[in-house]
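Please read the structure below before turning to the comments.
Model, not experiment: these values are computed from the prediction. All chains are named by letter (A, B, ...) in the order of the sequence lines, taking the proteins before the strands, and each is independently numbered beginning at 1.
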Number of protein chains: 2
Amino acid sequence: MDVPIAKNRDVKPEEYAELRRALTLISGKWKLEILWLLYHRPHRFGELLRTINGVTQHMLTRQLRELEADGLVTRTVFAEVPPRVEYGMTDATIALEPAIWALMEWSREFGTPARIAAEAKAARD
Amino acid sequence: MDVPIAKNRDVKPEEYAELRRALTLISGKWKLEILWLLYHRPHRFGELLRTINGVTQHMLTRQLRELEADGLVTRTVFAEVPPRVEYGMTDATIALEPAIWALMEWSREFGTPARIAAEAKAARD
DNA sequence: CGGAATCCGACAAGATACTG
DNA sequence: CAGTATCTTGTCGGATTCCG
């Protein structure tokens, strides 16, 4: 897969659309972090809230709702007291993992550009 | 690659960071669209402006500058009248293509969730 | 425990006008 | 042609409060 796939062939407009749809699905400050945790095992709401550094209750709820609406997480409510809600993977989530993995490998290979290093520094301060 | 990679293993914090770096690099409303065009062949500024539907001069310039700063596009200025500037790929861009391709395949396979369909409709109106 | 509702600031993104 | 500069608008995400 070291040869560019699209080189010297015509642009296919429908491929734009696919690309943009995929990006829309995974865009959101905390979504991939959520999915990454779920890849390891199902998580409860409070568990996600404690584990993901910097996320607020508000945002966690919203991102989970969007993921659920997009079919990227399952939401299971247990009729208990106190209430328990568990989030897990779907077929679509599992199918996405190779793409996420490819992104991570690329990120590791090509290091940290100056702009990203600056942002990471700003986040630490 | 149909078996989840991370299932039942511990979360590695450094993998979060890689994921987030990669996402930061490709986040930006028009970046992947730009890269996708460049995968086919080098493009001039005005060419990108005309081809990418909905982008403004302002945003195109900014996204190109960020991509350039991150080492994801080359910018070649020809000393001619009228001026000509051409954008092309780098090694990092080429290395990213498999990941983009994986995202597109996933997008095609898992169709269009309701939320995305609604956004696409809103964009048409 | 796992949310919902409301308010608000910051920054991303668009519109418009001007330039080497 | 390929940008800058400036102003305005819109959306994302955060803080706080309340609830079954």
Side-chain angles (χ1 to χ4, degrees), chain A residues 20 23-34 37-38 42-70 73-88 115-116 118-125, chain B residues 20 23-34 37-38 42-70 73-88 115-116 118-125:
Chain A
R20 187 138 300 290
L23 258 214
T24 306
L25 287 173
I26 64 174
S27 288
K29 196 168 179 178
W30 312 101
K31 285 189 183 176
L32 283 189
E33 233 151 328
I34 294 170
L37 288 176
L38 298 188
H43 280 69
R44 298 181 57 173
F45 182 86
E47 210 172 6
L48 292 171
L49 189 59
R50 282 189 307 274
T51 306
I52 301 176
N53 208 322
V55 74
T56 61
Q57 230 175 29
H58 188 73
M59 282 312 300
L60 182 56
T61 300
R62 282 176 46 176
Q63 304 266 296
L64 283 170
R65 286 290 178 284
E66 281 195 9
L67 288 171
E68 188 191 1
D70 292 339
V73 303
T74 60
R75 180 172 184 270
T76 310
V77 182
F78 295 87
E80 305 172 358
V81 176
R84 181 161 66 100
V85 179
E86 214 170 71
Y87 294 90
R115 186 173 67 89
I116 305 307
E119 286 188 9
K121 182 184 188 319
R124 281 195 305 272
D125 300 342
Chain B
R20 188 138 300 289
L23 257 214
T24 307
L25 287 173
I26 65 173
S27 286
K29 195 166 179 180
W30 311 102
K31 285 188 184 178
L32 283 190
E33 233 152 328
I34 293 169
L37 289 175
L38 298 188
H43 280 68
R44 299 181 55 173
F45 182 87
E47 211 172 7
L48 292 171
L49 189 60
R50 281 189 308 275
T51 306
I52 300 176
N53 208 322
V55 75
T56 62
Q57 228 175 28
H58 190 74
M59 282 312 299
L60 181 56
T61 300
R62 284 178 44 178
Q63 304 267 298
L64 283 170
R65 286 291 179 282
E66 282 195 9
L67 288 171
E68 189 191 2
D70 292 338
V73 302
T74 61
R75 180 173 183 269
T76 309
V77 182
F78 295 87
E80 304 174 357
V81 177
R84 181 159 67 101
V85 179
E86 213 170 71
Y87 293 91
R115 185 173 66 92
I116 306 305
E119 286 188 10
K121 183 185 188 315
R124 282 195 304 273
D125 301 342

- Query: What distance do A/Arg44 atom CZ and A/Phe78 atom CZ have between them, rounded to the nearest 0.5 Å?
  - Reply: 9.0 Å
- Query: With a 4.0 Å cut-off on heavy atoms, is A/Gln63 in touch with a base, just the backbone sugar-phosphate, or nothing at all?
  - Reply: sugar-phosphate
Enumerate all atom pairs, one protein N or O and one N or O from nucleotides 14-18 of chain D, separated by less than 3.5 Å.
from: D/dG14; atom 1: O6; to: A/His58; atom 2: NE2; distance (Å): 3.4
from: D/dA15; atom 1: N6; to: A/His58; atom 2: ND1; distance (Å): 3.4

- Roughly, in whole Å, what's the span from CZ in B/Phe45 to C1' in D/dT4? 11 Å
- Task: List the atom of A/Tyr87, the atom of A/Leu38, and the distance in Å for their closest heavy-atom pair.
- Result: O-CD2, 3.5 Å
- Query: Is the phosphate of D/dG3, meaning OP1 or OP2, less than 4.0 Å from a side-chain N or O of B/Arg65?
  - Reply: yes
- Measure across B/Trp30 and B/Gln63 and return the closest heavy-atom pair with its distance rounded to 0.1 Å. N-OE1, 3.2 Å
- Message: Does B/Tyr87 reach a base, just sugar-phosphate, or nothing at all? Heavy atoms under 4.0 Å.
- Response: sugar-phosphate
- Contacts of A/Glu33 meeting side-chain hydrogen bond (donor to acceptor under 3.5 Å, both in side chains) (sequence neighbours excluded), chain-then-number -> B/Arg20
Table please: side-chain donor-acceptor pairs of residues 52-60 of chain B below 3.5 Å, with sequence neighbours left out.
from: B/Thr56; atom 1: OG1; to: B/Met59; atom 2: N; distance (Å): 3.2

- Note on the structure: Rounding to the nearest 10°, end axes of the helix from C/dC1-D/dG20 to C/dG20-D/dC1 built from five pairs each make an angle of 50°
- Taking CZ from B/Arg44 and C1' from D/dA2, how many angstroms apart are they, rounded to a whole number? 9 Å
- Atom CD of A/Glu66 to atom C1' of D/dC12: distance rounded to whole Å? 10 Å
- Does the side chain of A/Leu64 reach to within under 4.5 Å of the side chain of A/Phe45, using non-hydrogen atoms? yes
- Query: Out of curiosity, A/Thr61 OG1 to A/Glu68 CD, how far, rounded to the nearest 0.5 Å?
  - Reply: 11.5 Å
- Query: Can you tell me how far P of D/dG3 sits from CZ of B/Arg50, to the nearest Å?
  - Reply: 13 Å
- What distance do B/Asp70 atom CG and B/Ile26 atom CD1 have between them, rounded to the nearest 0.5 Å? 11.5 Å
- Shortest non-hydrogen contact from B/Lys31 toward B/Leu67: CD-CD2, 3.7 Å
- Item | Span of DNA chain C, from the first to the last nucleotide whose atoms fall under 4.0 Å of chain B heavy atoms | C/dA13 to C/dG20
- Item | Rounded distance (nearest 0.5 Å) linking atom CG of A/Leu25 with atom CG of A/Leu32 | 10.5 Å
- With sequence neighbours excluded, tell me which residues meet side-chain hydrogen bond (donor to acceptor under 3.5 Å, both in side chains) with A/Glu86. A/Arg84
